[in-house]
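Following: one structure in C-alpha cells, then a few remarks.
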Amino acid sequence: MKTVAFHTLGCKVNQYESQGLAEMFARRGYRVVPFDAGADVYVINTCTVTHIGDRKSRQLIRRAKRANPDSIVVVTGCYAQVAPDEVGAIEGVDLVIGLGGRANLVDLVEQAAGEGKTVCTVNDIEKVTCFEELPISGAERRTRAFVKVQEGCRDFCTYCIIPYARGPLRSRDPDRVRDEVRTLVDKGHREIVLTGTHLGLYGHGLDGDWDLAALVRYVVKVPGLWRLRLSSVEPTDITGELLEIIASEPACCPHLHIPLQSGDDEVLRRMGRRYDTSFYAGLLDKARALIPDLAVTTDIMVGFPGESRDQFERSLHFVRQMGFSRLHVFKYSPRRGTPAARYPGQVPAREKDRRSKEMLALGEELQHRFASRYVGRTMDVLVEQEYDREHYEGYTGNYLRVILPKDSLHIGDLAKVFIKTVEKGYLRGIIYTKEGFPD
Ligand code: 5AD
C-alpha cells in the first residue's frame, strides 16, 4: 500500500484543505502516515502570510526529502500559489500545485512520479469563479472540526498577500455546508468551526439572500451539534443579525475573533482597513450588550511601515481598553507585490521585536484578567484531550481553556465545571455534573 504524509502550515482553511486532500488520497488507496515515517508522497500545505511561513515551508520540504529521498514531494497552499517559480526551484520539489485544480491531485502526483523533473501546475487564481469542493468526512481532532464555507478576498489591505493567493470571493453551496456539518456531527464531532478566507462575506456569488447570519441559522439546527463557532470575521462584516443569532442560539459560542490590526486611526487608514477605532469600539459595545460572557479575540500587527512609537502606544492603549481575551500578535512582514512593502518608514527588526514583546505581554495580562472573571462560576467545558494522567483539558464556549479532573468523563463529553483557580493562561476546575445536550 502506498503512503502519503502531510504537513500543514498556517490557518484553519489550510487545515481543512489538508484533511480534504488526505481523504482524496485515502479514497485512491493510500495510507496516511506521520511525517517522519518515510512516506511515498509528501504534501506540504504552505502559508505565506509572513516570511516565516515561507521559511518554514522550505524547511519542511528538506525534511520530507530527508525522510525518504525517493519520495514525491508536493507543495501546495498559498506560498506555492504566489511564488511557484521560487518554490519549484527548491531542491527536492517534484510537484508545485496552486490553489485551483486540486481535484485531480492524485493523478497529477502519479504522473509526476514518472517525470523526473519538477512539474508546476499553478492556475491564474484571478480567473477562478467557482468554489472548489474538497469535502471532508472527519477531522484529526475528535471533538472539533473546521468546515470551510468561503474562499477568496477582495479587500486588498495594503500589507496582505492573501487576496493574490486566494483569488476572488466564492461561497460554498449552503446545502453542501449543512450536509458536511451533519456528517461530522454524526461521526461524533461536537464543535464545528466555520472558516473561510473572508468568512464575513459568505453569500457573495450565491443565488438568494445568503449571508453569514443566514448560514449560521441554517446549520445551527443540525441535530446533535453542540457548538458552532466562527473563525475570523472582519469588523465591518458583523451585522446586527449575526449578533442576534449568536445571542439567541444556545449552540452558537459566545466568541468572536475580530481582527483589529492597529489601534491607531492613521495606521488603520494606511493599512487600507475600512473602519476606525471608534467604529470598532462601538461594535464591541453593541456585541457585548447583546451576548452575555462574550469573548472577543483579535489579530494585531506591530511595526507596520511608518508606525511611530506614539502610534504603537496608542495601539497598546486601545487594545487594553477593548479588553480582548486573547491576542494573536503579528510582526509586520513585507510581502512582495503588496503596496505597504514599498512604503517608507519600514520599522527595523529589533524595534518590531520589542513592540511584539510588549504587545504579547499585554495579551497575557488581558487573558489573565478575562479568565479571572470566571473563578467561582460554573461553566460548560467540552472535554477535548488528555492534559496529564489525572486531568483532561477543554474549552468553554467563550474559549477559556480549562483543566479538569478526569473523574468518569470521556473525551467529547460536555461537563459542567466549577472554576476554582486561574493560572497562567488557563483555568482549573472541578466537575459539577456531567451532561449532554438533548438532541
Ligand atoms: N505581516 C504580518 N502579519 C500579517 N498578517 C497579514 N499580512 C501580514 C503581513 N504582511 C496578519 C494579519 C491577519 C493575520 C491572519 O495575519 O494580522 O489578520
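For ligands, and for the atoms within them, numbers begin at 1 and follow the listed sequence. By convention here, the first residue in the shown sequence is residue 1.
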Counting from 1 in the order shown, the ligand 1 atoms closer than 4.0 Å to a non-hydrogen atom of Val49 are 5 (N), 6 (C), 7 (N), 8 (C), 9 (C), 10 (N), 16 (O)

for atom 3 (N) of ligand 1, nearest protein heavy atom and its distance come out as Phe330 CB, 3.4 Å

Residue-level breakdown please: for Tyr159 versus ligand 1, do any non-hydrogen atoms fall below 4.0 Å on the side chain, on the backbone, on both, or on neither? both

In ligand 1, the atoms that come under 4.0 Å of a heavy atom of Gln261 are 12 (C), 13 (C), 17 (O), 18 (O)

Could an N or O of ligand 1 be found under 3.5 Å from any N or O of Thr50, whether backbone or side chain? no

Are more than 12 heavy atoms, taken from residues, nucleotides or ligands other than His317, located less than 6.0 Å from that residue's NE2 atom? no

Consider every N or O of Arg335 and every N or O of ligand 1, then say whether any pair is closer than 3.5 Å. no

Any ion pair linking Glu91 and Arg62 (charged N to carboxylate O, less than 4.0 Å)? no

Could you tell me which atoms of ligand 1, counted from 1 in the order shown, lie closer than 4.0 angstrom to a heavy atom of Asp299? 13 (C), 14 (C), 15 (C), 17 (O), 18 (O)

Short side-chain to backbone donor-acceptor contact, Gln150 and Thr197, under 3.5 Å: yes

When you measure from the heavy atoms of Lys331 to every atom of ligand 1, does any distance fall below 4.0 Å? yes

Rounding to 0.5 Å, atoms SG (Cys78) and CD1 (Ile161) come to a distance of 9.0 Å

Quick one: look up the protein heavy atom nearest atom 4 (C) of ligand 1 and list residue, atom name and how far away it is. Met301 CE, 3.8 Å

CG on Leu212 to CG on Asp237, rounded to 0.5 Å: 8.5 Å

Between Glu132 and Arg176, is there a salt bridge with N-O shorter than 4.0 Å? no

Within 45° of the axis and under 6.0 Å from the centre of the six-membered ring of Phe131, does NZ or CZ of Lys148 qualify? yes

Would you say Ser333 has any N or O atom under 3.5 Å from an N or O of ligand 1, going by distance alone? yes

